[in-house]
Structure formats: C-alpha cells, structure tokens
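Scroll down for the structure; my scribbles are underneath it.
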Number of protein chains: 2
Amino acid sequence: MAQQDRAVRTRRAVLRAAAAVFAERGYAAATISEILKRAGVTKGALYFHFDSKAALAQGVLQEQLTPQYHLPRELKLQEWVDAGMTLARRLPREPFLLAGVRISADRPGRDVLGSAWPAWARLTSRVLTEAKKRGEVLPHVVPEETAQVFLGAWVGAQFVSQTLAGWADLDDRTAALYSHLLAAIAAPPVLTRIDTAPDRGARVIAEARRRSGDLAGIAC
Amino acid sequence: MAQQDRAVRTRRAVLRAAAAVFAERGYAAATISEILKRAGVTKGALYFHFDSKAALAQGVLQEQLTPQYHLPRELKLQEWVDAGMTLARRLPREPFLLAGVRISADRPGRDVLGSAWPAWARLTSRVLTEAKKRGEVLPHVVPEETAQVFLGAWVGAQFVSQTLAGWADLDDRTAALYSHLLAAIAAPPVLTRIDTAPDRGARVIAEARRRSGDLAGIAC
C-alpha cells in the first residue's frame, strides 16, 4: 500500500473512532487514549493528523457536512418538517451526526467548537417568515418565538429519545412534535396538507437519493 | 453547641455543598473531595452522615420535596400550566432543584437514583385526560402523546435556557412552550381563558404563600 493511502486510511480510522467515543462520552469525558485504543493506531500516527482533542472534534464535525436531502416543496412548512424528519431519521444511524449532537451538548465542546443550535433557530425562523408571507402561517405567529420553542423541544426530544429508548423512537417523537406545533401555527387549510407521518424522513431520504441517482444518470 | 445541633448543622452544610457541586458538574463528574472542600467539614464528619456519592445525591433529592404550590383552579389546563410555570420560576433559584435536574440528566445518576421524567409524563397525561373529560381539550387529542411531546420540550427548554442564558429566560421559554401546546390542544373557548404570561409562576407562588400564611393565621 502506498504511504499516502495508508495515511488516508489511518486518518479515517481515527475519525471513526473519535466519532464513536464522542458520541458515547461527550466532549469533556472523551480521552485521546480511548480514541487511540479504539482506532488501533499508534500515538505517533494519531498526532500526525490531529494535534489535540479539539482538532479531533473539529475533524468529526466536518465529516457530518453530508448532503442535507433538501427537496423544494409547494409548502414552506413541509420543507421545515422535512428538514427535521430527515435529520431524525439519520441521527441514530450516522455516528458522525451522533457525535455532533454530543459535542454540542457539552459545555467544553460547545465553547471550543460552537453548536448547531443557532443555525437551527435561524433556519426555522427564516422558513416560518417565508411561510407567513405566503399565508401558510396564522397572522399572530411570531417566527422567532416559534423557532425558539422548536429548538428547545427538538433538543429535548433527542435527549429524551436517546435516554429512554436508545434513539429508537426519535421518528415518532419528532413527528408528534411537528403535529403539535403545526396545529398551533399553521393556517387550517394548509394544516391538512402537511405530511408529518413518522416515516416521512425515510421517504424523503429515499426520494432525494433516487433523484440524485437520476441526475447522475443524466450527467453521464 | 450541643453535639446533636452540631451534627444537624454539619449534615445541612454537606447537603448544601453537595447540591451546589451536583448542580454544577452533574452526578458523574461530581467528587466527594470537592463536596468536602466546599462544605468545609472533615472527611470523618461527611462519612458519618453519607457513606457514598449515591447517598449524598439521595439526600439532595429528598431535600427538594418542598411544597408544590399547587392551587386548584376552575380549569384543569390552568393547573397544568401552573405546575410548569411555578417550577420554571423556582428552578433557577433553588440549588436543590437545580441539582435534581442535573442528577436526572446524567446517565449514572439516573441509573442509581431514577429520574423525575416519568412522574412529569404521568402528571401531564392525568391532567389532560381529566381536562378532556371536561371538554377543555379538543376531541382528537391523545393525552399520552401530548404528555411525551411536553416532556421532551420541557426538558429541552431547561437545557437550552441553562446553556444559552444561564437560566435567565426559563420563564419566557416555558410560557412560549405552553402557549404553543395549548393552541394545539385546547378547545377555543377555553384557550382565551388560560393565563400563560411569563410571570404566572411568580404570581402563583406568591398567592400560595399568602394563602398558607392565612391558614397559619387561622390555625393560631
């Protein structure tokens, strides 16, 4: 194996091990020695790629920037639901996303690396503002307020699902959360047209993959 | 000072120190040596009262069983709001409650000592079932489902408030959460009669204290 290939494989093995350890223990309690042991590489090899725990966490967070499975919909509110439901589907299955959640949840990790929370609040607020302009949302709704309610509720749904069910019910919890919030903010004629079924995330992901496959086919 | 008085004072000092350390660090990261240092007592004195970290945490959790400021209301939904809003008001101000939240949030603490989550879900479910019987809640609402949505959202509101605002906005976050959930589940004529203002918790606590003062006066 060429030296460069070996370096790439080592880096990947270290990142996978780091994601697993961060996901399990959080940022503060994770140790480089446990990551080393899990990755099965030498200390020298690890430090060649990452010179600190913060650098390892940064590497893990970058790995989670995978396609977002965003598909435009007729209703903005459906796009908001799809963003959360696809993430709810992917989270329990993707170690790099799980690690990101744990790193954001830990004070030291968040202080060093930031958190996805503000981005979530901004996304929700932007989508609801646009939905309101289009008449999908009731006039008295304040997008920034609903965005903060959703942020807390979404973070808590993850936390409770992880704790009580090892993530197994995150689809159901996220679907129920959206149903409740939509009943509070959506205009009645729109409400009945939004799909918040628990398997929505899985279906959207399959659709996005199919479409990107189609596009790849066209590109060939 | 009599020996017994000294023992009682020592026990209290240890519990206050333990609550502070659990609230700051959580159960897993808290150490007896830090609690010792904070309490300013000897190792022998601490171990005379509490023979383990679990015993200390148990002692702290027992201390939080203070009056619940429960007052019966015409609307069951108002009682549900009052339960959450009074707790939102007390949490940031009462170290024993803060310690309880942190102990419940930590896997090892929860495994050893249990958590307040199931009790919260049962309380909400019971209140909503009764409210539904009385026609306060829309017919399609499933109390157990709404109870789980509320549980996650309430745990998350605490977490986000603690993290982003050092608890300073928990009243506002809790009020906004109740407004949204009530808009989703309450019968319209009832909805307008429920008070979810951010200062609701403070007012209910003051009322409960006044009433218990009145009762104490009558008893004299």
Side-chain angles (χ1 to χ4, degrees), chain A residues 24-26 28-29 88 101-102 104-111 115 117-118 120-121 128 138 140-142 144-166 169-170 172-186 188 191 196 198, chain B residues 24-26 28-29 88 101-102 104-111 115 117-118 120-121 128 138 140-142 144-166 169-170 172-186 188 191 196 198:
Chain A
E24 262 173 50
R25 310 216 181 282
V101 165
R102 279 305 301 269
S104 288
D106 255 25
R107 165 133 289 160
R110 203 170 45 239
D111 289 351
S115 145
W117 294 359
W120 256 109
L128 294 182
L138 295 167
H140 71 270
V141 172
V142 180
E144 292 73 21
E145 191 188 77
T146 302
Q148 289 298 324
V149 169
F150 177 73
L151 172 65
W154 166 237
V155 167
Q158 289 173 25
F159 188 27
V160 172
S161 172
Q162 177 186 20
T163 303
L164 299 184
D169 63 1
L170 187 61
D172 294 318
R173 285 187 179 274
T174 309
L177 171 59
Y178 273 116
S179 305
H180 278 76
L181 291 186
L182 288 168
I185 66 161
L191 187 54
T196 57
Chain B
E24 263 174 49
R25 310 217 180 282
V101 165
R102 280 302 303 268
S104 288
D106 255 25
R107 165 132 289 159
R110 204 170 45 240
D111 289 351
S115 145
W117 294 359
W120 256 109
L128 293 182
L138 294 167
H140 70 270
V141 171
V142 181
E144 292 75 22
E145 192 188 75
T146 302
Q148 288 299 324
V149 169
F150 177 73
L151 172 65
W154 165 236
V155 167
Q158 288 173 26
F159 188 27
V160 172
S161 172
Q162 177 187 20
T163 303
L164 300 185
D169 63 0
L170 187 60
D172 294 318
R173 286 186 178 274
T174 309
L177 171 59
Y178 272 116
S179 304
H180 279 77
L181 291 186
L182 288 168
I185 66 161
L191 187 54
T196 58

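Here is how names work: the chains are called A, B, and so on, in the same order as the sequence lines, proteins then strands, and each is numbered from 1. Keep in mind that this is a model prediction, so the values were computed, not measured.
Only the side chain of A/Leu181 comes within contact range of chain B, with at least one heavy atom under 4.5 Å from a heavy atom of that chain. At a 4.5 Å heavy-atom cutoff, A/Leu182 makes no contact with chain B through either its backbone or its side chain. Neither the backbone nor the side chain of A/Leu138 comes within contact range of chain B, judged by heavy atoms closer than 4.5 Å. In this structure, chain A has no heavy atom under 4.5 Å from any part of B/Ser179.
Pairing each heavy atom of A/Ala184 with each of B/His180, the nearest pair is CB-O, 3.1 Å.
Here A/Thr146 is the residue among A/Leu164, A/Thr146, A/Ile185 with the most heavy-atom pairs under 4.5 Å with chain B.
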Side-chain donor-acceptor contacts of residues 148-159 of chain A below 3.5 Å, not counting sequence neighbours, with atom names and distances?
unit_1: A/Gln148; atom_1: OE1; unit_2: B/Arg173; atom_2: NH1; d: 3.1
unit_1: A/Gln148; atom_1: OE1; unit_2: B/Arg173; atom_2: NH2; d: 2.7

